[in-house]
Amino acid sequence: MARYFITTAIDYPNSRPHIGTAFEKIGADAQARFRRMEGDDVFFLMGNDENTIKVPQRARELGLAPKPYVDEMARQFQDVWRALEISFDEFIQTSEVRHHVACQRFIQAVFDAGDIYKSVYKGHYCNGCETFKTDKEVEEAGGRCPNHPSVPLIWVEEDNYFFRLSAYRDRLLDHYANHPEFIQPESRRNEIVNLVKDELKDVAITRKGFEWGIKTPFDPSQTIYVWFDALLNYITAAGYGSDPERFAVTWPADVHVIGKDITRFHCALWPAMLMSAGLPLPRRVFGHGFVYRKNETTGEIQKLSKSLGNVVEPMELIERFSSEAFRYYFLSQCPFGGDGEFSFERFAEAYNSGLANNLGNLYSRILTMCLKYFNGDLGDARADQARAWTKGADFPALIQDLRARITAFEYGFAFQRIGRDVVDLANLYIQETEPFKLAKTDLPACKAVLINLAEWLRTTAILLKPFLPRTAATFYQAFNFEEFQPWSSVSYQDAATPLLGPGLCVTAPSTGGKPTPLFPKIDLGPSSG
RNA sequence: UGCGCCGUGGAGCAGCGGUUAGCUCGCCAGGCUCAUAACCUGGAGGUCGUAGGUUCGAUCCCUACCGGCGCAACCA
């Protein structure tokens with residue numbers, strides 16, 4: 001069984017996750033679920049990035065010690081991810097001992113390799129932000145901090161350790177050239193190649209005077225700076241420095257799923273760090289796009305931000321609608337590699353059309369007919385007669401295409417194909433065969449059509465499984481398909497050929513003889529949202 | 001300023017050198033009644049940002065311009 005190691009970026013715990021953060025996790029989750037269906041032994045890692053300056057600060061405000069604070073935040077984050085049915089296998093916190101130990105071992109290895117040297121970090125420091133400002137930022141703000149114009153900037157010169165990133169320029173460029181798939185999507189790749197070509201500088205990787213964080217082993221007066229530490233979560237969670245055997249079979253990662261803003265750290269700094277430490281590089285880095293908020297009244301597209309007050313929290317949508325609706329919207333409507341936009345209006349539109357009118361309605365109409373005309377008992381179904389609904393479409397080709405789309409994180413296209421070449425086909429098939437008329441004139445013919453539609457439910461369940469796990473399971477459980485093949489073992493390939501058997505019958509939950517509606521329509525009303 | 005992206009019927013997107021420019025939503029007309037006023041069929045609606053250029057031929061390539069946007073070292 002092939003090992004498949006997939007990661008998401010670790011998040012800062014100082015603010016609660018919003019729909020943009022969730023977008024990344026859902027995209028990674030679909031991939032993880034798909035790989036499991038393909039038979040891989042998947043290790044899906046997520047986590048929180050806790051060694052930041054703001055952590056002790058925020059903890060103090062709440063009257064907590066840093067560790068209990070980050071633990072509580074990690075719990076809250078995981079609650080959200082579980083509510084979204086993100087199937088992560090492990091959740092690392094960078095405040096964990098194993099991470100600290102492994103980080104120190106790693107930085108020592110890089111130090112021993114001669115890639116770390118001491119120098120002076122100079123820059124404008126803002127007491128308001130508690131961070132350094134770049135020359136450009138300061139210049140544009142007229143010599144002040146853009147966020148705190150009234151607070152004077154301080155010029156700080158501090159002894160820090162630097163990583164010889166610039167020394168890896170050629171090796172990085174070689175790697176990009178030899179592994180075109182390393183950075184995805186393509187547009188991101190070009191960005192990074194250009195960036196590395198003309199402005200790769202050494203980076204400061206330690207800071208002085210912080211208590212919270214990981215101490216630098218060769219100089220305990222310094223702590224390891226955020227990025228160096230954060231990136232290492234991918235290997236420390238895989239067993240680096242704590243479980244060599246596990247590490248050997250787990251690393252390298254097959255794909256790091258990250259936001260487009262941090263592509264450079266993952267595609268330049270990170271591989272250089274690994275090269276220095278003599279470790280293999282991840283196979284792929286996928287930089288997804290961002291979710292923007294469309295202002296319902298002005299039509300403006302805005303970045304999600306606390307100051308604009310347009311942040312939407314996943315829990316709000318999950319509670320108001322469902323996790324499936326949430327997943328459906330972001331996976332089908334927002335191109336994962338590019339930017340997407342969110343508005344309640346669009347959300348409702350997509351939901352009503354894709355879920356209520358098509359998937360949900362189809363589920364209802366099929367099951368209703370089965371219950372109404374045959375009491376849910378379709379008898380002995382022959383697989384070789386159950387594919388008329390495809391109307392001669394090339395299913396193996398469709399499945400090949402879907403696999404390629406999913407592998408490339410092109411979920412929107414995958415949904416389009418499923419919608420057009422699978423869902424629409426079933427509606428059309430019903431329209432053309434008119435089983436509701438056959439029920440009055442030719443029961444065996446009617447049954448044959450319904451067997452086809454049952455098989456459609458089975459096929460669709462499989463195809464939807466990576467995206468909408470709950471809906472897919474509901475579809476599969478609408479009939480006794482589990483008797484022919486357990487749900488946990490279905491693969492995309494299984495959707496290519498019908499699999500039915502004797503005693504086919506409806507097992508779906510029903511209320512008053514009618515199937516329970518899956519997706520009640522959303523009515524936002526005249527001015528809600 | 002540097003690097004990059006985008007501008008296609010009312011909205012959101014595909015197409016990226018070659019038959020009547022596709023899809024989803026919305027709108028209009030018809031059909032069907034198994035279904036969540038859903039589903040099926042048909043229709044209206046686009047000089048593919050502007051101006052040049054390359055080509056037998058450009059939405060797709062090149063140049064300029066206009067307009068919107070992203071990144072520029074810790075902002076998902």
Side-chain angles (χ1 to χ4, degrees), chain A residues 8-12 15 17-25 49 52-54 129 131-132 134-137 139-140 147 165 187-188 190-192 194-195 197-201 203-204 225-228 230 258-265 268-269 288-292 294 299 301 303-307 311 332-335 338-341 343 345-346 349-350 352-373 412-413 415-416 419-420 424 426-432 434-439 446 449-450 453 514-521:
Chain A
T8 63
I10 51 176
D11 300 302
Y12 293 122
S15 62
H18 59 228
I19 54 176
T21 331
F23 181 52
E24 170 175 299
K25 315 308 174 195
D49 184 5
T52 69
I53 311 162
K54 287 196 174 129
C129 299
T131 179
F132 285 93
T134 64
D135 291 346
K136 276 256 163 69
E137 278 178 308
E139 197 181 308
E140 275 165 21
N147 303 331
L165 178 57
S187 55
R188 227 66 82 194
N190 297 336
E191 263 176 50
I192 297 299
N194 285 333
L195 184 94
K197 259 187 191 145
D198 52 50
E199 53 166 322
L200 199 66
K201 289 184 238 152
V203 286
Y225 198 34
V226 196
W227 273 110
F228 207 86
I258 55 155
K260 63 179 183 180
D261 56 331
I262 54 175
T263 320
R264 58 182 52 206
F265 302 110
L269 176 59
H288 69 253
F290 279 179
V291 174
Y292 293 87
K294 184 167 186 176
I301 307 291
K303 222 170 158 168
L304 290 169
S305 87
K306 298 119 243 166
S307 49
V311 174
S332 73
Q333 305 297 305
C334 303
D339 295 331
E341 81 191 44
S343 72
E345 205 178 319
R346 283 200 57 180
E349 255 175 45
N352 285 338
S353 164
L355 295 179
N357 294 347
N358 283 292
L359 285 178
N361 183 242
L362 216 25
Y363 169 91
S364 291
R365 63 196 305 211
I366 291 169
L367 294 181
T368 302
M369 286 191 278
C370 291
L371 292 168
K372 208 164 179 175
Y373 309 139
F413 286 111
F415 265 99
Q416 259 180 41
R420 217 174 306 163
D424 289 355
N427 273 322
L428 207 58
Y429 177 67
I430 295 174
Q431 185 66 26
E432 288 174 355
E434 301 183 307
F436 39 87
K437 279 187 185 165
L438 291 174
C446 176
V449 169
L450 293 179
L453 291 169
K514 301 197 86 182
T516 316
L518 255 42
F519 302 106
K521 279 208 180 181

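Just so it is clear, the values below take in all heavy atoms, side chains as well, and ignore hydrogens, waters and symmetry mates. Every chain is numbered from 1 and lettered A, B, ... according to where its sequence line falls, protein lines coming before strand lines.
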Asks: Does OP1 or OP2 of B:U36 have a side-chain N or O of A:Lys514 closer than 4.0 Å?
Replies: yes
Asks: Of all the choices, B:U33, B:C39, B:C3, which nucleotide is nearest to the side chain of A:Asn194 once you look at every atom?
Replies: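 Closest nucleotide to the A:Asn194 side chain: B:C3.
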Asks: Say we look at B:G22 and B:C5: how far apart would their P atoms be, to the nearest angstrom?
Replies: 28 Å
Asks: Using modelled atom types only, decide if a donor and an acceptor are shared between the side chain of A:Asn352 and the backbone of A:Asn357 within a distance under 3.5 Å.
Replies: no
Asks: Can you figure out which of B:C34, B:U36, B:A76 approaches the side chain of A:Met369 most closely?
Replies: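 Selected nucleotide: B:C34.
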Asks: Starting at the 5' end of RNA chain B, which residue's closest nucleotide do you reach first, A:Ala9 or A:Phe519?
Replies: A:Phe519
Asks: Within this structure, what is the CD1-to-C1' distance between A:Ile430 and B:G31, rounded to whole angstrom?
Replies: 16 Å
Asks: Check whether the aromatic ring of A:Phe265 stacks on the base of B:A73, taking stacking as ring centres less than 5.5 Å apart and planes within 30° of each other.
Replies: no
Asks: Of all the nucleotides listed (B:C40, B:C71, B:U36), which has the minimum atom distance to the side chain of A:Gln431?
Replies: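 For the A:Gln431 side chain, the nearest candidate turns out to be B:C40.
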Asks: Just name whichever nucleotide pairs with B:G70, Watson-Crick or G-U, keeping both distances under 3.5 Å, else none.
Replies: B:C3
Asks: Does A:Glu432, at its CD atom, have more than 12 non-hydrogen atoms belonging to other residues, nucleotides or ligands within less than 6.0 Å?
Replies: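 Yes, because the 6.0 Å sphere around CD of A:Glu432 holds more than 12 heavy atoms from other groups.
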Asks: Going from NZ on A:Lys372 to CZ on A:Phe436, what distance comes out if it is rounded to the nearest 0.5 angstrom?
Replies: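 With rounding to 0.5 Å, NZ (A:Lys372) is 11.0 Å from CZ (A:Phe436).
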Asks: Quick one: is A:Ser187 getting a side-chain N or O under 4.0 Å of the B:C5 phosphate, OP1 or OP2?
Replies: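 It does not, given that no N or O in the side chain of A:Ser187 lies less than 4.0 Å from OP1 or OP2 of B:C5.
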Asks: Quick one: which protein N/O atoms are closer than 3.5 Å to N/O atoms of nucleotides 41-46 of chain B? Pair and distance per line, please.
Replies:
none

Asks: With a 4.0 Å cut-off on heavy atoms, is A:Gly259 in touch with a base, just the backbone sugar-phosphate, or nothing at all?
Replies: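 Touches nothing.
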Asks: Can you see if the side chain of A:Lys303 gets near the phosphate of B:C71 - specifically, an N or O under 4.0 Å from OP1 or OP2?
Replies: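 So the side chain of A:Lys303 is within the cut-off, an N or O lying under 4.0 Å from OP1 or OP2 of B:C71.
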Asks: Measuring only the P atom in each nucleotide, how far is B:A29 from B:C69? A whole number of Å is fine.
Replies: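 Taking atom P in both B:A29 and B:C69, they lie 39 Å apart.
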Asks: Side-chain contact, heavy-atom cut-off 4.5 Å: A:Arg264 with A:Ile192?
Replies: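 In short, these two side chains touch, coming nearer than 4.5 Å.
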Asks: So what does A:Lys201 hit on the nucleic acid, given a heavy-atom distance under 4.0 Å: a base, only sugar-phosphate, or nothing?
Replies: base
Asks: Nearest 0.5 Å, please: how far is CG in A:Asn190 from CG in A:Leu195?
Replies: 12.5 Å
Asks: Which base sits across from B:A58 as a Watson-Crick or G-U pair, both distances under 3.5 Å?
Replies: none
Asks: Which value, in whole Å, describes the distance between the C1' atoms of nucleotides B:U41 and B:C32?
Replies: 10 Å
Asks: Look only at the side chain of A:Ser353 and the backbone of A:Glu349, and say whether a donor-acceptor pair between them is shorter than 3.5 Å.
Replies: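 A pair under 3.5 Å: no.
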Asks: Once you apply a heavy-atom cut-off of 4.0 Å, does A:Asn427 come out as touching a base, just sugar-phosphate, or nothing?
Replies: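 Here A:Asn427 touches the backbone only, sparing every base.
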Asks: How far does the C1' atom of B:C56 sit from the matching atom of B:G68, given to the nearest Å?
Replies: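 To the nearest whole Å, 36 Å.
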Asks: For B:A29, which nucleotide is its Watson-Crick or G-U wobble mate, given both distances must be under 3.5 Å?
Replies: B:U41
Asks: Can you tell me how far OG1 of A:Thr368 sits from NZ of A:Lys514, rounded to the nearest 0.5 angstrom?
Replies: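 OG1 of A:Thr368 is found 5.5 Å from NZ of A:Lys514.
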Asks: Side chain of A:Glu24 only, please: which of B:A76, B:C32, B:C23 is the nearest?
Replies: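 My answer, after comparing the listed nucleotides, is B:A76.
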Asks: Have a look at A:Ile19 and say if it touches a base, only the backbone sugar-phosphate, or nothing, with a 4.0 Å heavy-atom cut-off.
Replies: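 Answer is nothing: A:Ile19 stays at 4.0 Å or more from every strand.
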Asks: Roughly how far apart, to the nearest Å, are B:C62 and B:G17 at atom P?
Replies: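 It comes out at 11 Å once rounded to the nearest Å.
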Asks: Would you indicate which nucleotide in B:A14, B:C39, B:G4 comes nearest to any side-chain atom of A:Arg365?
Replies: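 Shortest atom-to-atom distance from the side chain points to B:C39.
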Asks: Could you work out the separation of B:G52 and B:C60 based on their P atoms and round it to a whole Å?
Replies: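 It works out to 14 Å between them.
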Asks: Check every atom of B:G12, B:U33, B:C39 against the side chain of A:Lys437 and return the nucleotide holding the closest atom.
Replies: B:U33
Asks: Quick one: are A:Asp339 and A:Lys260 in side-chain contact, heavy atoms under 4.5 Å?
Replies: yes
Asks: Specify the separation, in whole Å, of atom CD of A:Gln416 and atom P of B:C13.
Replies: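 Taking CD of A:Gln416 and P of B:C13, I get 12 Å after rounding.
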Asks: Out of curiosity, A:Thr21 OG1 to A:Phe290 CZ, how far, rounded to the nearest 0.5 Å?
Replies: 9.5 Å
Asks: Tell me which of A:Phe436 and A:Leu304 sits closer to the 5' end of RNA chain B, going by the nucleotide each one is nearest to.
Replies: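 The 5'-side residue here is A:Phe436.
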Asks: Given that both distances must come in under 3.5 Å, which nucleotide forms a Watson-Crick or G-U wobble pair with B:C65?
Replies: B:G49
Asks: Hey, does the side chain of A:Glu24 reach the backbone of A:Ala9 with a donor-acceptor pair shorter than 3.5 angstrom?
Replies: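 Side chain of A:Glu24 to backbone of A:Ala9, a donor-acceptor pair under 3.5 Å: yes, one is there.
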Asks: What integer number of Å spans the P atoms of B:G43 and B:C23?
Replies: 11 Å
Asks: Starting at atom CD1 of A:Ile262, determine the distance to atom P of B:A72, rounded to an integer number of angstrom.
Replies: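 Answer to the nearest Å: 12 Å.
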Asks: Is B:G22 paired to anything, Watson-Crick or G-U wobble with both distances less than 3.5 Å, and if yes, which nucleotide?
Replies: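 For B:G22, the partner nucleotide comes out as B:C13, under the 3.5 Å rule.
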Asks: Grab the CD-C1' distance between A:Glu341 and B:C13 for me, whole Å please.
Replies: 10 Å
Asks: Rounded to the Å, how far apart are A:Lys294 NZ and B:G10 P?
Replies: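 In whole Å, B:G10 P lies 13 Å from A:Lys294 NZ.
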Asks: For the side chain of A:Ser353, counting heavy atoms from C-beta on, which of B:A76, B:C34, B:C25 is nearest?
Replies: B:C25
Asks: Using 30° and 60° as the class limits, which term best fits the ring planes of A:Phe265 and A:Trp227: parallel, tilted or perpendicular?
Replies: parallel
Asks: Please give, in whole Å, the distance from B:G68 C1' to A:Asp339 CG?
Replies: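 Going from A:Asp339 (CG) to B:G68 (C1'), I get 13 Å.
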Asks: Rounding to an integer number of Å, can you tell me how far A:Tyr363 OH sits from B:C39 P?
Replies: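 Going from A:Tyr363 (OH) to B:C39 (P), I get 18 Å.
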Asks: From CD of A:Glu191 over to P of B:A73, roughly how many Å is that when rounded to an integer?
Replies: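 In whole Å, B:A73 P lies 14 Å from A:Glu191 CD.
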Asks: Say we look at B:G7 and B:G15: how far apart would their P atoms be, to the nearest angstrom?
Replies: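 Each nucleotide's P atom is 10 Å from the other's.
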